[in-house]
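What follows is a single structure, written as structure tokens, with notes after it.
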Amino acid sequence: MAVEDERTVDVVLDQFDYEAPVIGGFTHKELATCFFGSLVGTCFLTLPFGALVLGHFGLGFIMSVVFAFTFTAYAARRAYTIKKGRPSYMLWVDIKRKWQNEGYFGLKLNFGFVKSTHWDTMRERK
């Protein structure tokens, strides 16, 4: 029986979990999260600087947007390089694994990954 006879739709199961990258290697959600996260993070630094040194909060916010845009562009380019030829979720697995094994800024979190080991399958000759 053909697909037309059954009145069904051809479905490729691999595409259910696939979200195409929008800019660089980031999907829509990753791009928005990175931009707004870095915007909030840089606002804590640039708003007081803009108010105290430059005399206006608006200039600090503009600097914050520029820094957030620059960081997001750099992170998207870096994500494109890391994700190339691999499933997109593997980037986050790599970040979690590095956070567990090496840590970021001295902070280590346990995500349940087992450290890589060398498995010797060769028997010693006697």
Side-chain angles (χ1 to χ4, degrees):
M1 294 189 106
V3 172
E4 295 82 24
D5 296 336
E6 296 177 357
R7 295 185 183 172
T8 59
V9 178
D10 246 352
V11 176
V12 179
L13 295 177
D14 293 340
Q15 293 181 354
F16 280 141
D17 295 331
Y18 177 72
E19 192 175 346
V22 179
I23 295 177
F26 278 160
T27 62
H28 285 104
K29 294 175 190 174
E30 293 167 345
L31 185 68
T33 302
C34 183
F35 179 76
F36 289 114
S38 60
L39 180 67
V40 169
T42 56
C43 273
F44 286 115
L45 299 172
T46 59
L47 285 180
F49 177 77
L52 296 173
V53 176
L54 302 175
H56 199 272
F57 280 109
L59 296 174
F61 183 72
I62 291 171
M63 288 176 15
S64 210
V65 170
V66 169
F67 286 143
F69 179 76
T70 304
F71 176 74
T72 303
Y74 172 75
R77 193 179 100 229
R78 184 88 172 113
Y80 175 75
T81 304
I82 293 172
K83 285 182 177 181
K84 197 176 221 177
R86 302 171 68 199
S88 63
Y89 63 86
M90 288 303 292
L91 170 69
W92 305 113
V93 170
D94 291 342
I95 289 173
K96 286 180 181 179
R97 185 181 303 261
K98 183 177 180 185
W99 200 338
Q100 176 180 317
N101 295 337
E102 299 171 22
Y104 289 108
F105 304 110
L107 177 66
K108 291 184 178 182
L109 296 176
N110 185 9
F111 291 105
F113 291 112
V114 177
K115 276 195 168 188
S116 296
T117 59
H118 175 72
W119 294 88
D120 187 14
T121 58
M122 301 298 293
R123 294 184 182 181
E124 290 183 20
R125 294 184 183 179
K126 294 183 180 181

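Values reported hereafter were calculated over all heavy atoms of this structure, with side chains retained and with hydrogens, waters and symmetry mates removed.
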Excluding Ile62, membership of its hydrophobic cluster (Ile, Leu, Val, Met, Phe, Trp, Tyr; side-chain heavy atoms within less than 4.5 Å) reads none

**Message:** Would you say CZ of Phe57 has more than 12 non-hydrogen atoms from neighbouring residues, nucleotides or ligands within 6.0 angstrom?
**Reply:** no

Quick note, salt bridge (charged side-chain N to carboxylate O under 4.0 Å, His left out) partners involving residues 89-100, not counting sequence neighbours, are Arg86-Asp94

Legend entry - Single-linkage hydrophobic cluster, 4.5 Å side-chain cutoff, Phe111 and Leu107 together: yes

Margin query: Tell me whether Leu47 shares a hydrophobic cluster with Leu52, the cluster being built from Ile, Leu, Val, Met, Phe, Trp, Tyr side chains joined at under 4.5 Å.
Written below: no

Distance-only donor-acceptor pairs under 3.5 Å for side chains of residues 66-77, two or more places apart:
residue	atom	partner	partner atom	Å
Thr70	OG1	Val66	O	2.8
Thr72	OG1	Ala68	O	2.7

Separation between CG (Asn101) and CG (Leu109), nearest 0.5 Å, reads 12.0 Å

Worksheet entry | same_hphob_cluster(Val40, Leu45) at 4.5 Å side-chain heavy-atom cutoff | no

Taken to the nearest 0.5 Å, the spacing of Ile23 CD1 from Leu31 CG works out to 5.0 Å

Side chain to side chain donor-acceptor pair (under 3.5 Å) pairs touching residues 47-61, sequence neighbours excluded, are none

Correct closest heavy-atom pair for Phe61 and Leu39 would be CE1-CD1, 4.3 Å

Q: Carefully, step by step, assess Phe113 and Val93 under the rule side-chain contact (heavy atoms from CB on, under 4.5 Å).
A: CA-CA 9 Å; Phe113 291 112; Val93 170; 4.0 Å; yes

Here the side chain to side chain donor-acceptor pair (under 3.5 Å) pairs for residues 36-45, sequence neighbours left out, are Thr42-Ser64

In short, side chain to side chain donor-acceptor pair (under 3.5 Å) pairs touching residues 103-113 with sequence neighbours left out are none

